Amino acid sequence: MHVRGTVAGEVETKTVSTSYGESDLAEVPLRIAAVGDEAARTGATTRDAGSITDGGTSSDAEGGTIADADGSDGGTSAGAHLADGHEPTTVTLWNKWTESADYLEPGMELLVTDAAEDEYQGETRYKTTGDSYVVVEPSFLVNVTSIRNWVECPRLYYLNKLSGVPLNYPVVKGTLVHEVFGDLLRGRDLAESIDARVDERGLELGLLGETADAVAEDVRENATAIEGWLEQGRLTEEDSWRSEQLLISETFGIRGRADAVRRGAPVELKTGKNLKKEPRFKDKVQAACYALLLEEHGGDVDTGTLLYTKNSTLKRNEETGDLTPAKEFSMGEGLLKFVVRQRNELAAMEVAGDIPTGYEGSAKCEYCFEQDTCMVVSGRLDQESKAGQIGQALPDEELEYFERFYRAIEEERREVHREYAKLWEQSAQERADDDRALIDLEFLEKRELEGGRWELRARRTSGANSKIREGDFVLASDGHPVRGNSELAIIERLDDEIVLTADEPVEVTRLDVYPSELTTDRLLVAMHDFLLKGDERRKDVLFGRADPEFETVEETFIDNNDAQNEAVRMAVGAEDFALIHGPPGTGKTYTIARAIRAMVERGERVLLSAFTNRAVDNALEALLDQIGDVIEEDGVASPTQRNGDGEAVDVVRVGSESGVRDDMEPYRLERSGNPEDRVAKLQNAQVVAATTATCGSRVMKEQAFDVALVDEAAQLTEPGTHAAANLAERFVLVGDHEQLPPVVRAENDLTESLFERLVDLYPEAGVMLDRQYRMNQRIQVFASNEFYDGQLRPAEPEVAARTLDDLEGVSRDTLPPELRDPVSFVDVEGDGGRYTDGEEAARIADLIETYEAAGLERSDIGVIAPFRAQVSEISKHVPDDVAVDTVDRFQGSSQEVIIVSFTATGTLEGPIFEDYRRINVALTRPKRALVLVGDSRALASDPVYKRMLEWARA
DNA sequence: TCTCTGCCCAGAGGA
């Protein structure tokens, strides 16, 4: 039977004499969550456990045997122990599993498979058996490559995570050969595959200075060896192959993608050489990880195959050694258990937030090719390290900064891991309710595509929403993302009918969001680069050791708005950085565009970035409008724009097809194509626009800029801002810290943006744009007084006086008197719902009808609510062409009329109302009319909302 | 259960 629970106290380790001699044991006090054949193993709820039908994994079979031998039945004892699970139960871990016990701390999760029940002084206990695996924090999914790196050296694993892997040819070639291998397994023609795969990586190859022909030849050499070996196998035996399978083990807490699975056993491809008889140890470890994954998915694996393709390209006379590419080895239980113990050590360290020293492993530093890097990082970060330290440690404030942000980023990572665990810990319905899955789909068809991939189609049977979008990676399954038949797929189209592509066919009935650590990884690397690779002068300024400097610029860039003009001057003249504070409607996007144009005219190369694709595209559009004036004069309609002097300005948007807005597609840099051509396109671009996440990509990290301009900077974490700023000599941040802060999963230091910190630290390095072009004077008053010290004013009399009367066919006189003022309040007591309010929704529907009757277009009206639930409630009451959304999603846009639903009865409770920046955003979206709908008693209970009420009713 | 965007996934290799 399997035992699962939470460590409830200190672990006691001792050595005892047994009939086999001396043995180690560790006694773990465990608060038991589940005991049984299935529920405990998977950590699933009892209800979920019942739905599992295939009890076919080998460990289950063994588990059953042990339970029978003991004469006890896991299923029945489960209920008994769950009921009195408050008192910790002692679980004894024997022999080598005591190693894993060493990492246990109270509060950690522990799983013991195939445990035996024990009576000791009238108390029920559990102990490991010969078949047991002990898994520490099983819900923390560790990557196979992470385990592989960790086994090589824990410090190497850490360095990889911290500094990332830069673009280099061996890695790109290795990836290409793997892709071709996958294609061959799916039956694609070799020559065709090579051409297609090399073409797809045109941009990267170009950056590496490679030509398509040379790379294709190199890949062909390796791939031909594989092809030959595959042919041999086909001739001699009935092979069943599966390529590139993503596997998740909820028992062992491992995830990974096997290159190939042949007759149920893993095959790993390596592009390097190995002249020894045996595979390298770390390669065996990798294969063993896949074996564990495959066992959980119903296999029984006792061999692994390593394929060293370079072996077959070597000449006999070059070296004496074993030149056969394929090396098979048998996988014993000892290796599998070793791998699990290593995984435990890694998981425990990650969960505790510790940093490895290298002493955990046995690798010899003098043989390590990362020795120098390791010593430098250890030295500069003042970390204990087996390799030793070189260089001077960073100043204390920088070390403190590193630790603070490392901790914060790792907390974010653990949140991502919790998302993985929900794949099996939550039921399908819970996942769907959480918008993380689309369930109950009707499978329509599968179709093999050219190149061996598959197109899958399914239809929705309900109108349920989810956060899944086109271009996303999802787990497509025939029922369960982890236990069922499941493939990593890409959403190609998402209407009532859903179109996906995947490597292998699945009869899709369910789609789950596949969480990604990518953003977290990039934040960590960005912080590392800032502290360890960055410019000393920048650090002096950002750590308050030197003041930011500005070159005086006399030129007038914008002649009817002093603050905007000053902002452009500061942006252009900044030696270090400049800050542009742009409250709602103050033309910050225009100001950015003007500043970029000025920089480009000075011959500078500019990076334009923001957190979201939408913000990047908005800013890019404004820039194109500026330089676009000249195109129209010249009649040049191409992505190459011309500047004021008639010189070509090359603008490139870097991003994925699904991320970039359709009208910016002509500017998007396609990654595939001829390497020389691709790289020229990027290197010649004077303006490159990309999200901050993309700025952390290998391709973007090869680029250098004079200036980085970051829009919506108040919504970026500090490391996120570095991702863009690291690529440039100086930077300009544009944003408004009185609007919404960065979105982070955990409560931590990431919630304050670099923008806000610098505004506080160096107010003189910034300008606030104080003229707004959006709101009627009456609408603007509250936000101006409450959030901008009364500094925000209408840019022109026309703006101050704008009303609905200005719109064609609209007359305020036909509105009821209470709606004629630009700001009105509609008191609705509400239905007392927590996250919805049907009465408010109904009232809002009436209001929309009233506005329509007065001649307003429905598309001119927007409705804002604090909760997603209320957004869908309102959507049920109002026509489709009225935009209804959360505050968060309305940021950055505006409407003629905005109706705000407060969704609170009696009191204002909950964190959503505590952040006043959210009301600032909601109240500053309208141009001509704002209607607040809510319960006046609730609103009056908070001083800020009370002032808002007084203003609205005045 | 408060809000929620990014990112071709994970792994690719050197000695």
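Below, read A as the first sequence line, B as the second, and so on, with proteins coming before strands; counting in each chain starts at 1. A quick note: this is a predicted structure, and the numbers were derived from the prediction, not measured. Below, all heavy atoms of this structure are taken into account, side chains as well, without hydrogens, waters or symmetry copies.
Note: CD1 (A:Ile226) to P (B:dA12) measures 12 Å, nearest angstrom. For the pair A:Leu488 CG and B:dG11 P, the computed distance is 11 Å after rounding to whole Å. Rounded to whole Å, the distance from CG on A:Leu716 to P on B:dG6 is 11 Å. Rounded to whole angstrom, the span from the CG atom of A:Asn149 across to the C1' atom of B:dA15 amounts to 15 Å. Regarding A:Tyr420, its OH atom lies at a distance of 8 Å from the C1' atom of B:dC9, rounded to whole Å. As a whole-Å value, the separation of A:Glu179 CD from B:dG11 P is 14 Å. Note: CD (A:Glu366) to P (B:dA15) measures 18 Å, nearest angstrom. Counting to the nearest Å, the P atom of B:dC7 and the CZ atom of A:Arg671 are 11 Å from each other.
No engagement by A:Tyr169 is indicated, since no non-hydrogen atom pair under 4.0 Å with the nucleic acid exists. As judged by a 4.0 angstrom heavy-atom cut-off over every strand, A:Asp433 is placed among the base-contacting residues. Residue contacts shown for A:Glu268 are limited to sugar-phosphate atoms, with no base heavy atom under 4.0 Å away. Nucleic acid contact class of A:Tyr916 (heavy atoms, under 4.0 Å, all strands): none. At the heavy-atom level, A:Lys467 lies under 4.0 Å from base atoms of the strands shown. A:Asn613 comes within 4.0 angstrom of sugar-phosphate atoms only, judged by non-hydrogen atoms across all strands, and of no base. Among the atoms of the strands shown, only primed sugar atoms or phosphate atoms (P, OP1, OP2) are found under 4.0 Å from some heavy atom of A:Val144. Looking at heavy-atom distances under 4.0 Å, A:Thr694 makes contact with sugar-phosphate atoms alone, never a base.
For A:Glu370 and B:dG14, a side-chain-to-base donor-acceptor distance below 3.5 Å is present, hydrogens and geometry of angles not being considered. With hydrogens and angles ignored, a donor-acceptor pair under 3.5 angstrom links the side chain of A:Thr519 to the base of B:dG6.
Using atom C1' as the reference point in both B:dG11 and B:dC7, the two lie 16 Å apart (nearest Å). The same atom, C1', is picked in B:dA12 and in B:dC8; the two are 14 Å apart, to the nearest Å.
Taking only side-chain nitrogens and oxygens, A:Arg469 comes nearer than 4.0 Å to OP1 or OP2 of B:dT5. A:Arg868 has a side-chain polar atom (N or O) that falls below the 4.0 Å cut-off from OP1 or OP2 of B:dC4. Between A:Arg148 and B:dA12, a side-chain N or O to OP1/OP2 separation shorter than 4.0 Å is absent. Proximity of A:Thr145 to the phosphate of B:dG11: a side-chain N or O atom is located under 4.0 Å from OP1 or OP2. At the phosphate of B:dG14, neither OP1 nor OP2 sits under 4.0 Å from any side-chain N or O atom of A:Tyr308. Residue A:Tyr157 places none of its side-chain N or O atoms closer than 4.0 Å to OP1 or OP2 of B:dG11. Between B:dC4 and A:Thr886, a contact under 4.0 Å exists linking OP1 or OP2 to a side-chain N or O. Within the 4.0 Å cut-off from OP1 or OP2 of B:dG14, not a single side-chain nitrogen or oxygen of A:Gln371 is found. For the pair A:Tyr514 and B:dA10, the criterion of a side-chain N or O lying under 4.0 Å from OP1 or OP2 is met. Distances shorter than 4.0 Å separate none of the side-chain N or O atoms of A:Thr691 from OP1 or OP2 on B:dG6. For B:dA12, one of the phosphate oxygens OP1 or OP2 lies less than 4.0 angstrom from a side-chain nitrogen or oxygen of A:Lys270. An OP1 or OP2 oxygen of B:dT1 is reached within less than 4.0 angstrom by no side-chain nitrogen or oxygen of A:Arg834.
Each of A:Arg201 and A:Phe369 has a nearest nucleotide on DNA chain B; the 5'-most of these lies closest to A:Arg201. Positionally, the nearest nucleotide of DNA chain B for A:Ala869 lies more toward the 5' end than for the other of A:Ala869 and A:His178.
Side-chain contact annotation: A:Ser872 with A:Ser875, donor-acceptor N/O pair under 3.5 Å absent. Side-chain contact check for A:Lys364 and A:Gln371: no donor-acceptor pair (N or O, by modelled atom type) lies under 3.5 Å. In this model, no donor atom of one side chain and acceptor atom of the other lie less than 3.5 Å apart for A:Gln870 and A:Thr836. Between the side chains of A:Ser243 and A:Glu504, a donor-acceptor pair is found at a separation under 3.5 Å. Checked by atom type, the side-chain pair A:Asn143/A:Arg255 shows a donor-acceptor distance below 3.5 Å.
Under the side chain to side chain contact (heavy atoms under 4.5 Å, CB included) criterion, A:Ile912 pairs with A:Pro866, A:Phe867, A:Arg918, not counting sequence neighbours.
Taking all atoms of both residues into account, the shortest heavy-atom contact from A:Arg343 to A:Phe252 is CD-O, 2.8 Å.
Side chain of A:Arg918, nearest nucleotide from B:dG11, B:dT3, B:dC9: B:dT3. Taking the side chain of A:Val743 as heavy atoms from C-beta on, and the options B:dA12, B:dC4, B:dG13, the nearest nucleotide is B:dC4. Counting only heavy atoms from C-beta on, A:Asn143 has its side chain closest to B:dA10 among B:dT3, B:dT1, B:dA10. For A:Tyr835, taking side-chain heavy atoms from C-beta onward, the closest of the listed nucleotides B:dG13, B:dG11, B:dT1 is B:dT1. Closest to the side chain of A:Thr271, from the set B:dT5, B:dC2, B:dG13, is B:dG13. The listed nucleotides are B:dT5, B:dC9, B:dA15; the one nearest the side chain of A:Leu518 is B:dC9.
Using the six-membered ring where Trp is involved, A:His417 and A:Phe140 have ring planes that are parallel, under 30° apart on the 30 and 60° scheme.
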